[in-house]
Every structure is written in C-alpha cells, then in structure tokens.
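Notes to accompany the following structure.
Numbers here are sequence positions counted from 1. All of these numbers come straight from a predicted model, not from anything done at the bench.
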Amino acid sequence: MTGAVPSYLSPTGQEIVFLLLGAVTVGSALLVVTTRQLVHAALWLVLCFGALAGCYLVLTAEFVAWVQVLIYVGAVVALLLFGIMLTRAPIGRSADLDSGNRVVAAIVALATAAVLVTVVIDGFRTAYADLTPGRGAASEVGSSLFRNWVLPFEALSVLLLAALIGAIVLSRTDIRGR
C-alpha cells in the first residue's frame, strides 16, 4: 500500500455513516435486552438487524446485506413474532422477566465491553482497509454458490423441507394417535 494512511481524526463520509449505523445497532441491541415488553423487543431487533445490514452495505458486502435482510429481518423476526402470538405469551409488561441481577449484569457488560474495545483499538490502531468491492461481491458469491456448491445447497433445501413438513405434522391437533 502506497501513500499516507488516513487518520481516524478525519473520517470520510463512509466512515461517518458506518459509525452512525453502528451506534443505531448498539443502541437498539441494548433496547432489545432491556425492554420489558416482548413485542417491543422483537421490533427493536428488526431495527438492530436493519442497521447491521446497512453496515454491510457501507462495507460493500451487498450480498451479505441482502441475506441479513431476507433471513434475519424477514424470517427470524417473523418467526419470533409468530411464536409470541401462537404461544399466547404476555404482550404487556411482565414482572417474571426480571431476575433482579441488573446491577451485576451491567457491571459484567461494561467490563466486557471495555476489554473488547481496548483489544480492538490496540490491535487495529494502524490498520486501514480501503473500501473497494472484493471477494464478497454478489456476482462472485453467486457464481461460486451455483458452480461449486449446488449439491450441498439442494441437499440442505430438501432437509429444511422435510423439517418443515415434520413441524406441520407435529403441530396438527386434528390427527389422533393410534
């Protein structure tokens, strides 16, 4: 790499957007675990996953960003919301969700965050990566997926279909056991 390495004191537009999306991700993740309403936690999780997909877009990993949106935002959160509705979980505030260890949990979380931030800053203080599309681009991932991994991909889809059929059969109440 030639030329001067940019300083972290003069961020580019991409870095500012990445930091803002990171702050939204961290803030909504904190709200996921601190809210007392289960449905609100699921909605904060949607925001967290969406902001994370935005981070992937800023890092020019558009395929990973779309997978994040389709799989996590689309499927996992929908599954979570359907699970809440089907199990008749309490919708409002629930005192059963509080274990009373908030102070200890906050201390452990802050200590862990401090250690992780210190390690990341110390390890990547002088590292700089130019944000150009690389091996994570959609065209390369797609061609690799459908050229080299077709058989495992199809085997996994058959396995997931069998699991879905099994879940439907197990959840049916109108079938009598013999």
- Query: What distance do I121 atom CD1 and T118 atom OG1 have between them, rounded to the nearest 0.5 Å?
  - Reply: 6.5 Å
- Item | Beyond-backbone contact of V77 with F49, side-chain heavy atoms, under 4.5 angstrom | yes
- Message: Would you compute the distance between atom OG of S28 and atom CG of L52 and round it to the nearest 0.5 angstrom?
- Response: 9.0 Å
- same_hphob_cluster(V73, V76) at 4.5 Å side-chain heavy-atom cutoff: yes
- Task: Answer whether the closest heavy-atom distance between the side chains of I165 and L161 falls below 4.5 Å.
- Result: yes
- When you measure from the side chain of T35 to the backbone N and O of V32, does any donor-acceptor pair fall under 3.5 Å? no
- Heavy atoms of A29 and C48 approach each other most closely as CB-SG, 4.0 Å
- Item | Considering all heavy atoms, the nearest C55-G22 contact | SG-N, 3.9 Å
- Mind checking the CG-CH2 spacing from L30 to W44? Nearest 0.5 Å is all I need. 11.0 Å
- Query: Is there a side-chain contact between T34 and L31, using heavy atoms and a 4.5 Å cut-off?
  - Reply: yes
- Query: For F18, which of L59, L57, T12 qualifies under side chain to side chain contact (heavy atoms under 4.5 Å, CB included)?
  - Reply: L59
- Please examine the side chains of Q68 and Y56, heavy atoms only from C-beta on, and report whether any two atoms are closer than 4.5 Å. yes
- ILVMFWY network linking L79 to Y72, side-chain heavy atoms under 4.5 angstrom: no
- Item | Separation between CG of L156 and CG of L151, rounded to the nearest 0.5 Å | 11.5 Å
